[in-house]
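Data first, discussion second: the structure below is written as structure tokens.
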Amino acid sequence: MTGISLGALHGQHVDDRPDLLPEPVRAALADWPHRDEVGVVEIDPDLADTAALNEAFGLPPTASANCVVVGGKRNGEERIAACVVRADTRADVNDRVKRLLDVRKASFLSQERAVEESGMEYGGINPIGLPGDWRLLLDARVPPIEVALIGSGVRRSKLLVPGRLLADLPGAEVVVDLAR
């Protein structure tokens with residue numbers, strides 16, 4: 001990797017800073033053919049929230065993507081999806097996501113469950129390294145992001161990854177109007 005940057009954020013190769021990634025993310029990146037196009041950036045954990053980081057570094061919200069975890073049940077079967085949407089939008093949980101999961105009611109997974117089941121910190125959950133039985137839904141506005149700023153799995157770092165590569169993650173489904 002020659003280096004990937006977004007504004008004043010300059011990514012290091014993920015192999016150079018494994019300390020900035022939780023185990024599920026490291027494991028997923030180890031086998032991902034695009035790993036050399038992903039950079040990791042150490043940040044102040046107080047800036048982990050997208051709006052704070054964007055403000056601190058003068059980045060537009062259209063350069064960031066957030067990952068939220070949603071679940072629901074149908075006939076006693078729980079269905080979970082990670083939804084990745086551009087930071088200037090919100091996942092349409094009550095309509096689009098609910099219909100995609102084919103559940104009666106969709107809601108955000110509790111913070112405790114999302115953290116426990118993903119192996120990632122709250123505020124850092126990202127689509128790389130999620131449990132294999134979760135669906136991965138990407139809003140169609142995410143792949144066109146030239147360099148997307150996403151969580152790394154921990155609050156003290158972020159990943160820089162071309163948005164188009166997120167659509168190449170195992171099981172990724174690109175969905176039109178996943179977000180509003």
Side-chain angles (χ1 to χ4, degrees), residues 9 11-12 14-15 17-32 35 38-56 61 64-74 76-94 96-98 100-101 103-139 142 148-161 163 165-166 169-173 175 178-179:
L9 297 174
Q12 295 178 272
V14 293
D15 289 341
R17 293 302 307 268
D19 59 305
L20 295 177
L21 303 170
E23 176 54 34
V25 176
R26 284 194 309 268
L29 285 170
D31 296 329
W32 199 37
R35 66 177 283 123
V38 178
V40 63
V41 178
E42 187 169 14
I43 62 164
D44 178 338
D46 290 336
L47 297 177
D49 293 327
T50 303
L53 189 71
N54 286 347
E55 183 176 331
S64 297
N66 293 326
C67 182
V68 296
V69 184
V70 178
K73 288 186 178 182
R74 167 73 90 190
E77 173 196 350
E78 185 173 46
R79 300 168 185 190
I80 298 175
C83 303
V84 181
V85 300
R86 218 170 52 191
D88 64 334
T89 66
R90 301 243 183 255
D92 185 1
V93 174
N94 294 319
R96 191 75 169 116
V97 176
K98 180 178 86 167
L100 287 164
L101 290 178
V103 294
R104 294 186 192 280
K105 179 183 177 199
S107 57
F108 295 105
L109 226 55
S110 72
Q111 177 178 332
E112 295 78 20
R113 275 197 67 199
V115 166
E116 181 180 330
E117 293 182 24
S118 70
M120 301 181 205
E121 294 177 6
Y122 185 75
I125 294 175
N126 81 81
I128 301 172
L130 293 171
D133 59 341
W134 288 8
R135 285 179 69 184
L136 175 55
L137 307 175
L138 270 69
D139 184 76
V142 172
L149 180 68
I150 65 172
S152 67
V154 295
R155 291 184 61 85
R156 61 188 165 86
S157 65
K158 293 284 186 181
L159 294 177
L160 298 173
V161 58
L165 298 182
L166 296 174
L169 286 168
E173 302 171 49
V175 179
L178 181 65

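Please read all numbers here as calculations on a predicted model, not as lab measurements.
Not counting sequence neighbours, the partners of E23 by the side-chain contact (heavy atoms from CB on, under 4.5 Å) test are R26, A27. Listed by chain and residue number, I128 satisfy the side-chain contact (heavy atoms from CB on, under 4.5 Å) test with A28 (two or more places apart in sequence, or in another chain). The side-chain hydrogen bond (donor to acceptor under 3.5 Å, both in side chains) check on S118 picks up nothing, with sequence neighbours excluded. Among residues two or more places apart in sequence or in another chain, the salt bridge (charged side-chain N to carboxylate O under 4.0 Å, His left out) test is passed with D19 by R17. Partners of W32 by ring-ring contact (aromatic ring centres under 6.0 Å, His included), not counting sequence neighbours, listed by chain and number: H34. R96 meets the salt bridge (charged side-chain N to carboxylate O under 4.0 Å, His left out) test with no other residue; sequence neighbours excluded. Residues that satisfy the side-chain hydrogen bond (donor to acceptor under 3.5 Å, both in side chains) test with R156, not counting sequence neighbours, are absent from this structure. In this view, D88 and P61, T62, R86 satisfy the side-chain contact (heavy atoms from CB on, under 4.5 Å) rule, not counting sequence neighbours. By the side-chain contact (heavy atoms from CB on, under 4.5 Å) test, D49 pairs with R155, sequence neighbours left out. Every side-chain hydrogen bond (donor to acceptor under 3.5 Å, both in side chains) that T50 has, sequence neighbours left out, goes to N66. In this structure N126 satisfies the side-chain hydrogen bond (donor to acceptor under 3.5 Å, both in side chains) test with no other residue, sequence neighbours excluded.
The shortest non-hydrogen separation linking A91 to V68 is CB-CG2, 4.0 Å. When all heavy atoms are compared, the tightest approach of N94 to A106 is OD1-O, 4.0 Å. A pairwise comparison of heavy atoms in E173 and R135 identifies OE1-NH2, 2.7 Å as the closest pair. Here the shortest heavy-atom pairing between C83 and V97 reads SG-CG2, 3.9 Å. Contact record, A82 with W134: CB-CE3, 4.5 Å, taken as the closest heavy-atom pair.
With contacts defined as side-chain heavy-atom distances shorter than 4.5 Å, the pair L178/L100 qualifies. Counting heavy atoms from C-beta on, the side chains of L166 and V161 come closer than 4.5 Å. Taking 4.5 Å as the limit, every side-chain heavy atom of L109 sits out of range of all side-chain heavy atoms of V70.
Exactly one of L149, L160, L159, L53 qualifies for a side chain to side chain contact (heavy atoms under 4.5 Å, CB included) with V41. That residue is L160. Between E77 and the options R74, R79, K73, a salt bridge (Lys or Arg N to Asp or Glu O under 4.0 Å) holds for only R79.
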*side-chain contact (heavy atoms from CB on, under 4.5 Å) assessment of N54 paired with S64*: CA-CA 8 Å; N54 286 347; S64 297; 3.2 Å; yes
*What do the steps show when you test V40 against L21 for side-chain contact (heavy atoms from CB on, under 4.5 Å), and what is the final call?*
CA-CA 8 Å; V40 63; L21 303 170; 4.1 Å; yes
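Judged by distance alone, the side chain of D92 and the main-chain N or O of A179 form no donor-acceptor pair under 3.5 Å. Looking at K158, its side chain never comes within 3.5 Å of a backbone N or O of S152 through a donor-acceptor pair.
Rounding to the nearest 0.5 angstrom, the gap separating the CG atom in L137 from the SG atom in C67 is 9.5 Å. With values rounded to the nearest 0.5 angstrom, I43 atom CD1 is found 7.0 Å from S157 atom OG. Separation of atoms CG (L136) and CD1 (I80) is listed at 13.5 Å; rounding is to 0.5 Å.
Every pair passing salt bridge (Lys or Arg N to Asp or Glu O under 4.0 Å) that includes a residue from residues 116-133 is listed here, sequence neighbours excluded: R113-E117.
The number of heavy-atom neighbours closer than 6.0 Å to CD of E78, taken from other residues, nucleotides and ligands shown, is above 12. Atom CZ of R90 sits in a sparse spot, with 12 or fewer heavy atoms from other residues, nucleotides or ligands closer than 6.0 Å.
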